[in-house]
Amino acid sequence: MRVALFLTCVNDTLYPDTGRAVVKLLTRLGVDVDFPMDQTCCGQAHYNTGYRHEAEPLARHFSEVFRDYEAIVTPSGSCGAMVRELYPRLGERARAEGRGDGLARTLAPVVPKTYELTEFLVDVLGVTDVGAYYPRKVTYHPTCHGLRGLGLGDRPRRLLKAVKGLELAELPGAAECCGFGGTFAVKNAAVSAAMGVDKVRDAESTGAEVLCAADNSCLMHIGGTMSRLRSGMRPVHIAEILASTEEEPAV
């Protein structure tokens with residue numbers, strides 16, 4: 001199966017190890033992974049801050065870059081939700097504004113074949129045990145876009161439960177937002193910071209060493225809060241846990 005890795009801006013700039021982990025994991029499972037060098041931002045930041053028209057060229061470019069692949073896999077629930085949920089809305093709004101259905105037709109091919117990583121593993125490859133080894137106590141935070149947008153459900157937890165050596169601790173208040181929310185953290189800094197503290201305190205109560213999630217933007221916010229609180233925990237993307245093996249353990 002030939003798939004494309006859509007790494008996303010945040011991962012490309014700040015968390016390249018997550019992308020390497022995805023490639024390592026999928027290759028181990030027999031998937032042929034390409035990294036299209038022409039990929040850019042999907043337009044989520046523009047759309048979410050009210051610049052819908054400015055997001056359209058980025059969405060068009062995304063479709064041009066990725067449309068010929070069998071599947072598009074991303075280690076980001078928020079960017080995956082942008083393609084799956086909001087690209088159709090871009091097309092609908094353009095049509096409603098009398099600009100025809102050209103944008104909708106352009107974006108349609110990539111929408112159904114864009115998958116968040118854990119979705120792809122469970123739903124497309126049909127695996128939950130990926131041969132991972134991670135001997136630590138871990139708690140899982142289901143980020144908002146993954147939980148409410150993509151409906152990831154228990155897929156990430158099923159994958160984590162199958163990891164050899166991993167002890168999964170339930171996170172109190174798991175469904176509550178961590179407070180990041182993109183520009184929400186800038187526009188409502190005090191509220192965002194308070195929500196982050198609540199999330200970290202809940203995570204610490206589990207006794208876990210690691211808090212994992214499927215979106216590095218949320219982990220960036222949580223990790224910054226952990227640092228300021230001098231917490232003993234650390235944030236880790238789920239891809240890096242699933243890519244870890246006894247022969248090549250994660251750091």
Side-chain angles (χ1 to χ4, degrees), residues 10-11 14-15 17-18 21 25 75-78 80-81 116-119 121-122 128-130 132-244 246 249-251:
V10 168
N11 289 319
L14 300 173
Y15 301 100
D17 283 346
T18 296
L25 170 62
S76 168
S78 61
E116 184 275 332
L117 174 64
T118 65
E119 266 187 318
L121 293 171
V122 175
T128 51
D129 187 344
V130 297
Y133 172 73
Y134 196 79
R136 294 173 179 82
K137 188 173 183 179
V138 175
T139 191
Y140 167 71
H141 167 59
T143 61
C144 294
H145 283 94
L147 180 68
R148 300 174 178 87
L150 295 176
L152 296 183
D154 69 345
R155 293 174 183 84
R157 295 178 70 260
R158 287 163 63 191
L159 289 159
L160 290 169
K161 284 183 176 180
V163 174
K164 184 178 179 182
L166 186 148
E167 179 185 352
L168 183 61
E170 294 299 326
L171 178 65
E176 295 179 11
C177 177
C178 71
F180 177 61
T183 54
F184 175 83
V186 177
K187 295 177 180 177
N188 301 276
V191 176
S192 172
M195 294 171 74
V197 170
D198 287 345
K199 182 61 64 175
V200 171
R201 293 307 188 204
D202 284 339
E204 289 176 330
S205 75
T206 68
E209 306 166 60
V210 168
L211 179 140
C212 87
D215 212 317
N216 270 327
S217 54
C218 297
L219 287 173
M220 176 175 63
H221 178 67
I222 295 169
T225 305
M226 287 176 173
S227 177
R228 287 188 292 275
L229 295 176
R230 301 184 185 278
S231 173
M233 297 186 71
R234 62 191 183 97
V236 178
H237 194 284
I238 192 171
E240 296 174 49
I241 293 175
L242 298 177
S244 178
E246 291 188 74
V251 177

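- Just one residue in the list Ile222, Asp202, Leu147 forms a side chain to side chain contact (heavy atoms under 4.5 Å, CB included) with His141, and that residue is Ile222.
- Considering only heavy atoms from C-beta on, Thr225 stays 4.5 Å or farther from Lys199 through its side chain.
- Among all heavy-atom pairs drawn from Thr206 and Ala169, the shortest one is CB-CB, 3.8 Å.
- Taking CE of Met226 as the reference point, atom CZ of Arg201 lies at 10.5 Å (rounded to 0.5 Å).
- Within the model, atoms CZ of Arg157 and CD1 of Ile238 stand 10.5 Å from one another, a figure rounded to the nearest 0.5 Å.
- Of all heavy-atom pairs between Pro249 and Ser244, the closest is CA-OG, 3.4 Å.
- Counting heavy atoms of neighbouring residues, nucleotides and ligands inside a 6.0 Å radius, atom CZ of Phe184 exceeds 12 of them.
- Remark: Glu170 CD to Ser205 OG distance equals 11.5 Å, nearest 0.5 Å.
- Legend: residues meeting side-chain contact (heavy atoms from CB on, under 4.5 Å) with Ala194, ordered by chain and number and at least two apart, are absent.
- Side chain of Arg155 to main chain of Leu152: a donor-acceptor pair is present (N/O by atom type, distance under 3.5 Å, no hydrogens or angles).
- For Lys164 and Glu246, the salt-bridge test passes: some basic side-chain N is under 4.0 Å from an acidic carboxylate O.
- In this structure, CG on Leu159 lies 8.5 Å from CG on Leu25, to the nearest 0.5 angstrom.
- Here the shortest heavy-atom pairing between Gly223 and Pro235 reads CA-CG, 3.7 Å.
- Nearest heavy atom pair, residue Arg136 against residue Ala250, reads NH2-O, 3.9 Å.
- The CG atom of Asp129 sits 11.5 Å away from atom CG of Leu121, with the distance rounded to the nearest 0.5 Å.
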Under 3.5 Å, which donor-acceptor pairs do the side chains of residues 209-220 form with other protein atoms, sequence neighbours left out?
from: Glu209; atom 1: OE2; to: Lys137; atom 2: N; distance (Å): 3.2
from: Asp215; atom 1: OD1; to: Ser217; atom 2: OG; distance (Å): 2.9
from: Asp215; atom 1: OD2; to: Gly77; atom 2: N; distance (Å): 3.2
from: Asp215; atom 1: OD2; to: Ser78; atom 2: N; distance (Å): 2.8
from: Asp215; atom 1: OD2; to: Ser78; atom 2: OG; distance (Å): 3.1
from: Asn216; atom 1: ND2; to: Asn11; atom 2: OD1; distance (Å): 2.7
from: Asn216; atom 1: ND2; to: Thr18; atom 2: OG1; distance (Å): 2.8

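- Distance check, rounded to the nearest 0.5 Å: NZ of Lys161 to OG1 of Thr128 gives 11.0 Å.
- Across all non-hydrogen atoms, the minimal contact from Pro75 to Leu117 is CA-CB, 4.4 Å.
- Looking at every heavy atom in both residues, Val130 comes nearest to Leu242 through CG2-O, 3.7 Å.
- Tyr134 is listed as a side-chain neighbour of Val236, based on a closest heavy-atom distance under 4.5 Å.
- Under the salt bridge (Lys or Arg N to Asp or Glu O under 4.0 Å) criterion, Glu176 pairs with no residue, sequence neighbours left out.
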